[in-house]
Amino acid sequence: MANTIQTPEGLFDIDGLLTDEELEIRGVIRKFVDKRIKPDVAGWFERGEIPAKELAVELGKLGVLGMHLEGYGCAGAGAVAYGLACLELEAGDSGIRSLVSVQGSLAMKAIHAFGSEEQKQQWLPRMATGEILGCFGLTEPDFGSNPAGMRTRAKRDGKDWVLNGSKMWITNGNIADIAVVWARTDEGIRGFIVPTDAPGFSAVLVHHKLSLRASITSELVLDNVRLPEDAVLPKVSSLRGPLTCLNEARYGILFGALGAARDSIESAIRYGLERVQFDHPIAAYQLTQKKYADMVVEYGKALILALHIGRLKEQGKVRPEQISIGKFSSVKQALDITRECRSILGANGITLEYPVMRHMSNLESVYTYEGTHEMHTLVIGEALTGIQAYRV
Ligand code: TGC
Ligand code: FAD
């Protein structure tokens, strides 16, 4: 007979691998998610809306927007602390983690890594508080996995830049104050800070999504958008710019997806202990316990891998293919886990009364964005063979 009932994390003594500061940050975010996100998120998901502006200010007060960046009002937290924050946020909903990822790891990271001192001073402190929201435009309607083919173009006109093109599937596009837009120029691929009230800029909401419904997704249209010379990010002129930012956001996801998995496992265990069939709770049946055991073992393995990658990142040693391994592993495991949890909840599992199917459908987007599962497979394959199979 087991002594005490343990949580998925307790079973692996995960807390022993974390510092006091990391435990404290995790606790604060978990409390915020329990109080502010979980009670309302099913309704936001159902209605396809999210009070993103309000939440951004609250998340700014919590210190999570750009929390892993140094200076300019950012907390300068360690990589593991940031990962744990993403995990707790995604235990609420992938859309909330997306809001934070896009702001901190994509839009702010681009300015932090490749912006001028003036650009950093102008934008980062107000982005850290959530007063200014950013989005990140890399994907285009015809260039998703292969951003190198992008058609959006920026041309010099005197001292100005003029941008034309479109970006697709852009998180926060309709509510952003600035868009970091990547465009082809005569000097290579460059990043531009585009105020969203610039003439010629428009954002069109994507409707009818069945996934990430508590998140805003948009098409950005750039029709002769004229920008001053200092709108360009001066420190990069190749795909290295956006891919550097993607490393950060993918890193957040390799922790984040596990939050959706954990919340689903906890929900399925609670349900299994309460739901009685054939005179016993379904958690008492061996087939159900096998499901719990399989899921929790995979969850724990993925979390330990995430922590290992986090510690490598803190030491400045992590390589992009290791981040690919993490995203590949966490998202796949999380998706499999949510599907299994859904089966434990039976018919109730298909409703928004429980978080499981919402997490599952969100993870379908997470499986695709920030590099599809297949692209990460091929990045790992390239690291093992030296062959870029995606170009063959
Ligand atoms: P390649 O020719 O190999 O390299 C071009 C330049 O980039 C450098 N580089 C990297 N730099 C930093 N980090 C990495 N991971 C890098 N990989 C390559 C490279 O050194 C080179 O630099 P330079 O200065 O010498 O020119 O690039 P490629 O065209 O062959 O691309 C490789 C590939 C397939 C891995 C890349 O295209 C890729 O990752 N595709 C997937 C696209 C993607 O992930 N899109 C995500 C869009 S954003 C998003 O989904 C947000 S979701 C919202 C949310 O998070 O909530
Ligand atoms: P495609 O690239 O057309 O791929 C379709 C299928 O073909 C996939 O299975 C893929 O793996 C496979 N495939 C493609 N090439 C190869 C190959 N060489 N070998 C084997 N298989 C291949 N983008 C942004 O820039 N900013 C954002 O904020 C953003 N937010 C998003 C939010 C949501 C909700 C979603 C769903 C997407 C978002 N994206 C964003 C876009 C996302 O990054 C792309 O959807 C993703 O990169 C894949 O591109 P695609 O959808 O065009 O698929």
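All ligand and atom numbering here is 1-based and tracks the order in the structure.
There is a protein heavy atom less than 4.0 angstrom from atom 42 (C) of ligand 2.
Ligand 2 places these atoms under 4.0 Å from at least one heavy atom of Tyr369: 31 (C), 32 (C), 33 (C), 35 (C), 37 (C), 38 (C), 42 (C), 43 (O). Residue Arg391 has at least one heavy-atom neighbour below 4.0 Å for each of these atoms of ligand 1: 28 (P), 29 (O), 30 (O). Distances below 4.0 Å separate heavy atoms of Leu212 from the following atoms of ligand 2: 34 (C). For ligand 1, the atoms sitting less than 4.0 Å from at least one non-hydrogen atom of Val102 are 53 (C), 54 (C), 56 (O), numbered in the order shown with element in parentheses. Near Thr139, meaning under 4.0 Å from any of its heavy atoms, are these atoms of ligand 1: 47 (C). Contact atoms of ligand 1 toward Pro147: 37 (O), 40 (N), 42 (C) (distance under 4.0 Å to a heavy atom of the residue).
Donor-acceptor pairing under 3.5 Å is recorded for the side chains of Ser218 and Asn174. In summary, the side chains of Tyr369 and Thr171 do not present any donor paired with an acceptor at a separation below 3.5 Å, with no hydrogens or angles considered.
Within the 4.0 Å heavy-atom cutoff, Lys167 does not count among the residues contacting ligand 2. Heavy atoms of Leu378 come nearer than 4.0 angstrom to ligand 2 in at least one pair. At least one heavy atom of Gly144 sits closer than 4.0 Å to an atom of ligand 1. Assignment of Ile323 to the shell around ligand 1 is not supported, since no heavy atom sits closer than 4.0 Å.
The aromatic rings of Trp161 and Phe192 sit perpendicular, their planes meeting at an angle over 60°, well past the 30° parallel limit.
With a 4.0 Å cut-off on non-hydrogen atoms, Ser145 touches ligand 1 through its backbone and not its side chain. Under 4.0 angstrom from ligand 2, the non-hydrogen atoms of Leu138 come from both its backbone and its side chain. Contacts between Arg240 and ligand 1, counted as non-hydrogen atom pairs separated by less than 4.0 Å, involve both the backbone and the side chain. Contacts of Arg391 with ligand 2, taken as heavy-atom pairs under 4.0 Å, are absent altogether. Residue contacts with ligand 1, taken as heavy atom pairs separated by less than 4.0 Å, do not involve Thr372 at all. Contact annotation: for Arg250 versus ligand 1, heavy atoms closer than 4.0 Å belong to the side chain alone. Both the backbone and the side chain of Thr244 come within contact range of ligand 1, each with a heavy atom under 4.0 Å.
Under the 3.5 Å distance criterion, the side-chain polar atoms of Glu22 are left unmatched by any main-chain donor or acceptor of Tyr82.
Summarising the contacts of atom 52 (O) of ligand 2 with Gly144, Gly95, Ser101, Pro242, the nearest heavy atom is found in Gly144. Which of Phe143, Trp169, Phe136 comes nearest to atom 37 (C) of ligand 2 through a heavy atom is settled by distance: it is Trp169.
Cation-pi check for Lys313 over Tyr251 is met; the charged atom lies under 6.0 angstrom from the ring centroid and within 45 degrees of its normal.
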Candidate pair Glu88 and Arg262, rule salt bridge (Lys or Arg N to Asp or Glu O under 4.0 Å), full reasoning: CA-CA 9 Å; Glu88 294 305 328; Arg262 188 196 67 203; 2.9 Å; yes
Residues Lys209, Glu364; criterion salt bridge (Lys or Arg N to Asp or Glu O under 4.0 Å); working and verdict: CA-CA 11 Å; Lys209 286 185 301 175; Glu364 290 292 344; over 6 Å; no
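Among the atoms of Thr171, none of the N or O lies under 3.5 angstrom from an N or O of ligand 1. Checked against a 3.5 angstrom limit, the closest N/O atoms of Glu370 and ligand 1 fall inside it. Backbone and side-chain nitrogen or oxygen atoms of Ser101 are examined, and none is located within less than 3.5 angstrom of a nitrogen or oxygen of ligand 1.
Between Arg311 and Glu314 there is a salt bridge, since at least one side-chain N of the basic residue sits less than 4.0 Å from a carboxylate O of the acidic one.
The hydrophobic cluster containing Trp182 does not contain Phe143, counting ILVMFWY residues as joined when their side-chain heavy atoms lie under 4.5 angstrom apart, directly or transitively.
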